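This chain uses plain numbering: 1 for the first residue, then up along the sequence. On a predicted model such as this, the values are computed, not experimentally measured, just so you know.
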Amino acid sequence: MKSNHRFLIKSFTIASLALTLSCTGILDKEPLGILDAGSFFKTADDAQQALNAAYQPLLISNDNKNFYWAFGTVASDDAITGGDGSRPGITAIDFFTHTPTNEEFNDFWKLNYGGIIQANTVVEKTPAIAANQDLKDRIIGQALFLRAHYHFVLSQVFGPVPLITQIQSPDEVHVPRNSLDEIYAQIITDCTLAASLLPVQYSAADAGRATKGAALALVAKTHLYQENWNEVLNFVSQIKALGVYSLQADYLNNFREATQNNSESVWEIQHANLELGVGNNLNQWWTSKKVPDGYGFAEVTPGLVNAFEAGDPRFTFTIAKNNDPYFGYIWKPSFSSTGYGVKKYLQSEAEVTQKSDGDINYTAIRYAEVLLWEAEANAELGRIAEAEIPLEEVRARARAQAVDPINTLPRVTGLDQAGMIEAIRHERRVELAFEMHRFFDLVRWGIAQDVLTGFQTNKHEVFPLPQTELDLNSMLTQNQGY
């Protein structure tokens, strides 16, 4: 077993002992903290095992039913569902015909609140264990970051949600939604404290654990969503000052099993294929239906194809077209295909040990994205010359891998503010294609209605709260339009 996946694999055992999520909803059951947590938390090993379980909901695995990729990518203008119609909920998300009864919403809600409950237990119980303070600080810092991450992705998908920051007794679990401002403030508080407790780096055996840079990055991203541009620049500066992040010379190093957890990785979610259900199931969902075990549920749109500039090597690294080599096969469009398929996060059968499960990690925050945050914040503040610098750093890396680098991806310069903002938005689309950011970008920029067919303003910016949760908790209210 690879050392950098050990703590996540182990989490499944602990989760099965300490965290049982109901099939009907997370808030209607006695929470983890009440389930013998007092007797369980005695030693550093107890706390570490409970922390490991708090990482488990991150996985994009069959066991987790984590459909974050459908919200961030299929709902966007970069992909259509394709497939064979066996996932009507994902098709509904694509066409904006989804309803509160879609199981994908219920699965995502339960998954992330399960992570929050686990993280809260670690935060509250770890101070009392018998262990040195440095170790306790690292454990608590990671749990604070995970709690913040789960709240952040829930708010991306559903908008205002209940903010849960402590262990709850059974009579306390029915709570209303908090405002986005309250959620964002708590994320910033949690991550600022986490950053003060966490190391800059870990040993290879602990790769994937939350670091100081990851915590600072989530603060920067939260400020980005609030359009606090100066604060974005402040925290990007702190990330850079750590001195551990840089772009990989080879763009593909971010998507190869052998070169993961590299200098470009700020927050990377670990996967392994050594146990069925633990691996990255994008290797099934996104692989062409022309390949055994492939579902083809995220096929590339012509719009994304056309967004790449001539000669941009990221096109070949990201997108497969007819007759291209494709993980030991030749790519052929399926009957439902746009004519193009995705390559990111996919592997050949020779690389995986379990049927269809992959072990390509999902890098939720790459340093390339941090640079594009810096560019975007500067552009929004009218600092065009300053915005050009990080934008050029991202383009230069891609240019260097082009067949004709002299005539490919020219430096972006001489633009006015509106032109620079548009150039940065374009760069995010091609640099981060199929990395689950596009739909959320379109929403936060306020342009989703301009590019997404079927999108209704003041409704589809967020997805509906699961009907099951509304039935269980009378204090919850539904999003507008649903």
Other residues, nucleotides and ligands only: do more than 12 of their heavy atoms fall within 6.0 Å of NZ on K65? no
Per the ring-ring contact (aromatic ring centres under 6.0 Å, His included) rule, which among Y68, Y225, F463 passes with F440? Y68
In sequence, state the C-alpha distance, the side-chain angles, and the governing distance for W445 and R428, and then conclude on side chain to side chain contact (heavy atoms under 4.5 Å, CB included). CA-CA 12 Å; W445 293 331; R428 277 188 65 87; 3.8 Å; yes
Is the shortest side-chain heavy-atom distance between [X] and [Y] below 4.5 Å?
X	Y	value
L242	Q238	no
D181	Q226	yes
W373	K221	yes
P464	Q478	yes
F71	V153	no
R209	R138	no
M436	L282	yes
S155	Y184	yes

Any donor-acceptor pair under 3.5 Å from [X] side chain to [Y] backbone:
X	Y	value
T192	T189	no
N178	L163	yes
N378	E374	yes
Y55	I269	no
R147	T165	yes
S263	S246	yes
K344	F255	no
E461	N458	yes
S237	L233	no
Y113	P162	yes

Distance-only polar pair, side chains of [X] and [Y], donor-acceptor under 3.5 Å:
X	Y	result
N106	Q467	no
Q201	T211	no
S265	T363	no

Should the ring pair [X] and [Y] be called parallel, tilted or perpendicular, given that the plane angle runs from 0 to 90° and is split at 30 and 60?
X	Y	value
H149	F145	parallel
F108	F158	tilted
Y362	Y345	perpendicular

Can you tell me how far apart [atom1] ([X]) and [atom2] ([Y]) are? Round to the nearest 0.5 Å.
X	Y	atom1	atom2	result
E227	E376	CD	CD	8.5 Å
E380	N230	CD	CG	12.0 Å
L111	D107	CG	CG	8.0 Å
N112	I164	CG	CD1	13.0 Å
E257	H271	CD	NE2	13.0 Å
E427	L371	CD	CG	11.0 Å

Between [X] and [Y], which heavy-atom pair has the shortest distance, and what is it?
X	Y	result
G159	L180	C-CD2, 3.8 Å
I93	N102	CG1-ND2, 4.2 Å
D94	I80	OD2-CA, 3.4 Å
V300	V342	CG2-N, 3.7 Å
A368	V394	O-CG2, 3.9 Å
P160	S179	CB-CA, 4.4 Å

Could you give me the CA-CA distance, side-chain angles and deciding distance for N120 and Q168, then say whether side chain to side chain donor-acceptor pair (under 3.5 Å) is met? CA-CA 9 Å; N120 284 340; Q168 298 168 306; over 6 Å; no
Consider side-chain hydrogen bond (donor to acceptor under 3.5 Å, both in side chains). Of D359, N361, N280, which one does Q270 pass it with? N361
Identify the residue among R438, R444, H437 that makes a side-chain hydrogen bond (donor to acceptor under 3.5 Å, both in side chains) with D441. R444
Go through the steps for E268 and N262 under the test side chain to side chain donor-acceptor pair (under 3.5 Å), then give the verdict. CA-CA 10 Å; E268 185 164 334; N262 58 51; 5.8 Å; no
From CA spacing to verdict: side chain to side chain donor-acceptor pair (under 3.5 Å), Q49, D45: CA-CA 6 Å; Q49 290 181 43; D45 188 57; 2.4 Å; yes
Charged N to carboxylate O under 4.0 angstrom, R429 versus D78? yes
Do R256 and D250 meet the salt-bridge criterion of a basic N to acidic O distance under 4.0 Å? yes
Test side chain to side chain contact (heavy atoms under 4.5 Å, CB included) applied to I90 and E104, step by step: CA-CA 8 Å; I90 297 175; E104 291 79 10; 3.9 Å; yes
After noting the C-alpha distance and the side-chain angles of I129 and D46, does the key distance pass the side chain to side chain contact (heavy atoms under 4.5 Å, CB included) rule? CA-CA 9 Å; I129 67 171; D46 294 337; 5.8 Å; no
What verdict does the side chain to side chain contact (heavy atoms under 4.5 Å, CB included) test give for L58 and L146, after you've listed the backbone C-alpha separation in whole Å, the side-chain angles of each residue and the deciding distance to 0.1 Å? CA-CA 9 Å; L58 298 171; L146 291 170; 3.9 Å; yes
Charged tip of K459 within 45° of Y482 ring normal and under 6.0 Å: yes
